[in-house]
Structure formats: C-alpha cells, structure tokens
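Beneath this line is the structure, given in structure tokens, with notes to follow.
The basis for the numbers below is simple: all heavy atoms, side chains too, and nothing from hydrogens, waters or symmetry mates. Predicted model only: the values in this text are computed from it and were never measured. Whatever order the structure lists them in is the order used to number ligands and atoms, beginning at 1. Sequence positions, counted from 1, serve as the residue numbers for this chain.
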Amino acid sequence: MTDNDQQEKLRQHFGRRVTTQARVVLDTWQKILDGSSDTSGLYDELSAAADKLVRYARRFDMTEHASAGEQIIDALAQWSGDPDLQEATRPAIQQGMDTLAQHTLRRSDQQTRAQPTTYRRTPVYVALRDQEMAERLIRQLEFFSFRATAFNTPDELMDACSRHKPETILMDVHFGEGTLEGIATVEQLQTRHETPIPVVFLSEDDGTIETRLRASRCGGEEFFYPQVDPGQLIEKIETYTHGNTVEPYRVLVLDDSRAQAKFMENALNRAGMKAYVITDPMRIIHALEEFSPEIIILDMYMPGCTGMEIARVIRQQDRLHSVPIIYLSAEDDVSKQLHAMSLGGDDFLTKPIDPKHLVATIHNRGRRARSLLALMIRDSLTGLFNHTHTLSLLEQEISRARQSGSTLCFVMLDIDHFKHINDSYGHPIGDRILRNLSMFLKQRLRKTDHIGRYGGEEFAIILPDTDAGDARRVIDEIRGRFSELTQHAGAQSFTVTFSCGVARWNGESAQTLCERADRALYSVKENGRNDVAVAADSDQRQPATEHPE
Ligand code: GH3
Ligand code: MG
C-alpha cells in the first residue's frame, strides 16, 4: 500500500466520524422541527453537537463540514426564549443544515459504494432536490433492507443507471438545475433500457395534468404531490420491487388429439406458462391433484365423455369452484357454445386456435382468477393470508410435518397498545402501521413461511422446518428492528412495539397449538410487552430470555 493509499484510508476512517457527528446534528434539528418533545433542551443538545462537529471537522480537515457547523453555531447564538426571535433565527439554522446535509449525503454515498453490504436487493436510486429528505428516506428504506443511494445531479444518476439498472427510481420532477429536469432525465434514461425502470415521482409545486401525463408516459408509476409520506412511499416502492416476479400460470390441457395437445403445450410454454397435458379424460382427477391447475382447458368432444361432463365433475369439488374452465372445439354454433358455458365453463375457443388468442385468453382469465382467489384467501388491508386461510395452511403444514417428521413452529404476534395508537394518531395511521408491519414481516421471513392476519392487530406466522430456538431468535430480531422504526403521523413521530408467543408443534391439533402460542403471547403482555416468549412443550410459561432448548 502506498503512502497515498494509506493516507486516503485514514482520511476515510476519520471522515466517517465527522459524518456520524453531522448526522447527530441533523437528527437533533429534525427532532426540533418535528416538535414532538421539549425543544428548549434540544437546542442545548444541538449546540453541543454542532460544537463537536466543528472540532472534529477541523481536526480532520473537512472544511465544508466545519464551515456548515460554524454557520449553525452562529445562528444558534441568536437563539433566545422569545418565540418570535426563535422563528426569525430558524431560516439561518436551516440554511446551515442544508449545506451540512448536502456534504454529508455525498460522503455517505461514497461509503455505501465502498463497503459491500448484505442487503438483498438491487438498488433503489433516490434523486431529490431536498437532500436532507433524501437522507432521511434512505435511512427509512434501509430499515426495510432496501439498498438506497442518493445522487446530487442528473449526470451522476444516469452514470449509475448505466452501470447498474436500479429496481426503482425515486425522482423529484425538478431534480437538477432546470424546471422539470427530473422528468426529462427519466425520459432520456428509459430510452436506454428495454424494459422501463419503474419511477416514483415527487412534486412539491406542480400537480398539473400536463406534468402528471408526461411523468406517467415515461414510466412514472406514482406521482406524489404536494407532500410525501415516507410510510406510503416505502409501500409503493415495495410494490414495484416485488411485482416484477410473476409466477407462471399453471394450465391443465385435456385434449384427446395428441397433435392438438402438443400444439397447445408448445404455445403455452413459449408464452412462459406451465402446461400439463393429458389426452385421456380418465386421468383428470389424478392431474388435478398432482398439478393443481389455475386454469383448465377442455376439449369439447372426446371418446367416452364430453368436455361438459368433465366440467360438471370438476365443479362438484368445492375447492375447484372458481378455477376457470375454457372449452376447445370446432363448434361455432353460438347457442351450443352458450349451452356448454352454462354447464360450468367460462370461455370458448374455436379451432383452429390462434396461439396469440389462446395466450391472451389465458392471461385474462388467469389474472382475474388470481385476483379473485386473493380476495378469498387474503386480507384486503395487508395482503396477508386471512384467518381462515392461515388456519388451513397450518393444518397442511402440520400434516406435512407429521409425514416428514420435521419440526414446525407457530407464532402469535400482537401489537402493543394499538388502541392508544389509533386514539392518538387516528385510524388511518393505525392502518398504515398494520400494512407497514406486514411488509416488514414479509421481507424478513423466508418464502416458505406463511404470514397471516389473524384478526385486528394480531398476526399469525407459520415457520416450517424451524425449531423453537431458531423461531425465537428470528422473531425477536424482527421485534427489535421493528421497534426501532420511526413511524410518522403528520409532524409527529413515534415508535411501535409488538409482543409474540411462539409454540413448537408437538403432535397436537392446530387448535391446541394456537392456544399454546396465544398463552405464551399473553404471558408477554402480562410481563410488560415488547418481548417474545416460547411456550414450553409441556406448556409451562417461559420467557424469551431463557432458552427453551
Ligand atoms: P395490548 O398491548 O394489550 O395488545 O393493547 P391493545 O391496545 O393493542 O389491544 P386492544 O385489544 O385493547 O385494542 C386493539 C385495537 O386495535 C382496538 C381496535 O380498534 C384496533 N384495531 C383492530 N383492527 C384494526 C384495523 O383494521 N385498523 C385499525 N386502525 N385499528 C384496528
Ligand atoms: Mg394489541
């Protein structure tokens, strides 16, 4: 390592101390602006923090931070107990803060690039004029395991996009020097990519139809105007980062003609769908069980039975009641088609089949079937499984664990003092927290875990192949992280905690397992909340701090 390298390393090392101190200053200022606690004490705290910042920055030769700090100290010196004078000094302090935020932000970008992190996702790029807000958003995003990076100029952003395509861009419509330069930048960016990057636009002052249209035309999925709520924003970003992976549709084809069946299979596979083809109608029950199709295509006329008869048999099973059935035939007599549809079919395709028409029909039917299914098994507020479906998943997992001899844990989670949150900040904020927590759980648990909304502010989690110790550790980690998350309600900010009871399945029924988890949960509530307890297998109460194994 050359001397220069070493010096640079040292500079970076000490630079981090300065930026950490700058964050303390920015955070304290934010607390004053939020007005949630006693501000007089906070001004003293801010003064001391700014003092320390200037000392550090001078020592490590970071002149921009030093001068921003000095500006803040000077403005704070004007501060007095008089509310009018307080108001008058605010702009000067804010100016110092803006400068400080700008320099701190740039440095923190360098750090993110220098250190490979353990975040799971491709990046979210943040391009805002308000650098302080960008910094705050990035911190919030990091809580949700998003790797977010902020940029200072359109060129920097374009450069980064060409090196690494982001999952989403958060874009100020005016990002850059000129009016609406943010939109212009996105327009230019999108021409370089085959599939557009989803963009969330923010606009403080321009909510006109012209601007909204232009934003939407260049890939703007959302348009926040005039204000943005961080919780809502993160929710949107989550949609675009998860929505990219659509599971292929599972299509069952029953056609006695091998050539026709093969033709359909090829057409469906080419369109990225999963096809399961049978030519013998007598194999239908087996195929339904083995493949659990989302859409069924039936040939109308086959030897031995007709498609309509098969449809009736399928519809006699409750769980297949809403699976779309599409008939296939050379029949173009409309009244015969209508008759066939009345016997449990949803659509009709006439031979010879145009593959494009086939694929479009499957897509439409599939999408609709999925959204109907989601309505049936999911909770509309959070998108998690509803109570009934969670219990049926628990039954399934229990029978799987019984067969394979694997372990299984069930967790009941309940938000602490949720009634108080609703009462203090309003029901919509309560709803937002429920959605926030659902997202948090989805991101931090495995794909194979099942998360349900059990009732109001109660959630249930099924952890297959997990022993009690691991379940406790994972859930407790999530509990700790969630409790650190700042929730916003207008200018106020606060934190939310939850309590959990974990029970390991020990051969009992789903109901008994739920009851044990519930009792463990209530032992936490009795002991002060914000903790995880594991129900001992013999069902003696046991706090989380003592390991059950
Ligand atoms: P504890 O810590 O003991 O669990 O106290 P708590 O206040 O969380 O529990 P309590 O059962 O007293 O209150 C639950 C509250 O949750 C009452 C109800 O209004 C609220 N709630 C239930 N469902 C919803 C919902 O969908 N949205 C919102 N915003 N609130 C809900
Ligand atoms: Mg509660």
Minimal non-hydrogen separation, [X] against [Y], with atom names:
| X | Y | answer |
| --- | --- | --- |
| Arg529 | Ser499 | CA-OG, 3.4 Å |
| Thr466 | Cys409 | O-SG, 3.5 Å |
| Pro226 | Glu204 | CB-O, 3.4 Å |

(request) Please assess Asp416 against Lys525 for the test salt bridge (Lys or Arg N to Asp or Glu O under 4.0 Å), listing each intermediate value before the final yes or no. (result) CA-CA 8 Å; Asp416 298 328; Lys525 292 279 182 186; 2.8 Å; yes

(message) Nearest 0.5 angstrom please: Ile433 CD1 to Ser438 OG, how far?
(response)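 Nearest 0.5 Å value for the CD1-OG distance: 11.5 Å.
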
(request) Using heavy atoms and a cut-off under 4.0 Å, could you grab the residues that are in contact with ligand 1, chain by chain, numbers ascending? (result)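 Correct list: Asp414, Ile415, Asp416, His417, Phe418, Lys419, Asn422, His427, Gly430, Asp431, Leu434, Arg453, Gly456, Glu457, Lys525, Arg529.
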
(message) Students often mix this up, so state it plainly: with edges at 30° and 60°, are the rings of Tyr43 and Trp29 parallel, tilted or perpendicular?
(response)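 Perpendicular.
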
(request) Would you please classify the geometry between the Phe498 ring and the Phe482 ring as parallel, tilted or perpendicular, with 30° and 60° separating the classes? (result)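 Correct class here is tilted.
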
(message) I'd like to verify the contacts: list protein N, O or S atoms under a distance of 2.8 Å from the Mg ion (ligand 2).
(response)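 N, O, S partners closer than 2.8 Å: Asp414 OD1, Ile415 O, Glu457 OE1.
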
(message) What I want to check is whether the side chains of Thr382 and Asp379 have a donor and an acceptor closer together than 3.5 Å.
(response)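 Checked: Thr382/Asp379 side chains pair up, N/O donor to acceptor below 3.5 Å.
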
(message) Looking only at side-chain N and O atoms, does Gln511 offer a donor or acceptor that is under 3.5 Å from a partner on Glu515?
(response)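 Present: a donor and an acceptor within the cut-off.
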
